[in-house]
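All values reported here derive from a predicted model rather than from experimental measurement. We name chains A, B, ... by the order of the sequence lines, and we start the count at 1 in each one.
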Number of protein chains: 2
Amino acid sequence: MLERMKSYKTYSAGETILWRGEPMEFVASVVAGVASLSKTMEDGRTQMVGLLLPSDFIGRPGRTHVEFDVVATTDLTLCRFERKPFEKLVIDTPHVAQRLMEMALDELDAARDWMILLGRKTAREKIATFLELLARRSEVDMVKAQISVNLPMTRDQIANFLGLTLETVSRQLNAMKKDGIIGFSGRKELEVLNVAALRDATGDDADGGMII
Amino acid sequence: MLERMKSYKTYSAGETILWRGEPMEFVASVVAGVASLSKTMEDGRTQMVGLLLPSDFIGRPGRTHVEFDVVATTDLTLCRFERKPFEKLVIDTPHVAQRLMEMALDELDAARDWMILLGRKTAREKIATFLELLARRSEVDMVKAQISVNLPMTRDQIANFLGLTLETVSRQLNAMKKDGIIGFSGRKELEVLNVAALRDATGDDADGGMII
DNA sequence: TCGACATTTTGATCTACATCAATGTTGTTG
DNA sequence: CAACAACATTGATGTAGATCAAAATGTCGA
């Protein structure tokens, strides 16, 4: 039944999908590309508060308005549903509600971990944590024992994600290259050459912050 | 029926209620006092990721382990329920599940707003935002047109909440006193003398960050 | 009421990162 | 493919807030 109001829509990099304060007409899930949630202060200071990768969900039951700007970081494809019928579905099917609750709690944990990064980590630790986050979702080249990471954003966007400036991002990235931890094969394409050193540089404890 | 497994427990200031990684035996709600959620890095750097004031809820359906340390910031009284029967109740009564979802989403928004503070705000803006947060939950003296705020924590704890050092907290607090924005009537007791100036100093937009 | 300890304030200095300013690279469009 | 715009690097300099170090204040138990 829900199939009938499903629709795909594509956005190009840089496009704002939803503005803060706007009424929320639909919920969606990311099919391809990367989107981000962010908030901008009056004087232009911007902070990203979430990254949305494929399979991530946009929208929240019970909310009629958008709380943060949603921007297409790369070219993006969303699979959208109208909000009203979606909410009816949530109410009618407990295990969907259950699943959404799970997702909200996961996001909450992620947001709180990010608070530690923003409040207490050094520039290098921030960059390392960011690369590790992307590496975890990336392809592994078994032969060369390397992980290729695609940076889905510009230096400026990375800076807004990590609470840094773009110059600091650039410098730290090149410092890690000089240290042999990563190597570039394009401005937005890099390989992790020393996984252990990268983990070490994150400042997180050995188990990766996971509860065992 | 839930009444039967309800129990009150008190903790004294500084006591750790739950350690990260521990199994979660109960859920609870704060009756009196202040608790905090925090995470500490190996080298001791600490970041608070949440403040729990009276009526706030501790625990999350579907989670068996604790994700962040829960510490009694002041003397504290909790109203606790065993987790298992509580979860049964959640599953059986949709509107309780609904309410919990609401709370999770509210916390998520709060966490994201805090990310902006940690990533982009200056020390003074952080302090102002913090005071404004407390002022919103405080008593208003109608006669003097003043708001009395009780700081429920030490300078050091405030610093861990705001991603600062205790010295910076102390200096900024005294700077705001010198500027006539606040006045002290005890180390942990202050009045907001100029509400408009305080709002202004937060760096948030005029409407207080609320969506209208 | 007196220490003894925790907390806060205050001052001096240091430094990581921001800011300002070119210069160098890439990718795109007519 | 030239030439322009967007993005990235690199260097020089500035500064907010950290760090280090006392002193001052408050608090609590004996």
(request) Mark up nucleotides 8-26 of chain C, 5' to 3', with B wherever a protein heavy atom is under 4.0 angstrom from a base atom, S wherever such an atom reaches only the sugar-phosphate, and - elsewhere. (result) SBBBB----SSBB----BS
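In summary, Glu167(B) and Arg171(B) do not engage in a salt bridge, as defined by a charged side-chain N under 4.0 Å from a carboxylate O. Between Asp106(A) and Arg60(B) no salt bridge is recorded (no basic side-chain N to carboxylate O distance below 4.0 Å).
Side-chain polar atoms of Thr77(B) and Thr10(B) form no donor-acceptor pair below 3.5 angstrom. Thr129(A) and Thr202(A) share no donor-acceptor pair across their side chains, judged by distance under 3.5 Å alone.
Atom CD of Glu189(B) is surrounded by more than 12 heavy atoms from other residues, nucleotides or ligands within 6.0 Å. By the 6.0 Å contact criterion, CD on Glu82(A) is open, its count of non-hydrogen atoms from other residues, nucleotides or ligands being 12 or less.
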(request) Return one dot-bracket line describing DNA chain D 5' to 3' (Watson-Crick or G-U wobble pairs, both distances under 3.5 Å; ( ) same strand, [ ] crossing, | another strand, . none). (result) ||||||||||||||||||||||||||||||
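Distance alone, capped at 3.5 Å, places no donor-acceptor pair between the Glu25(B) side chain and the Arg83(B) backbone.
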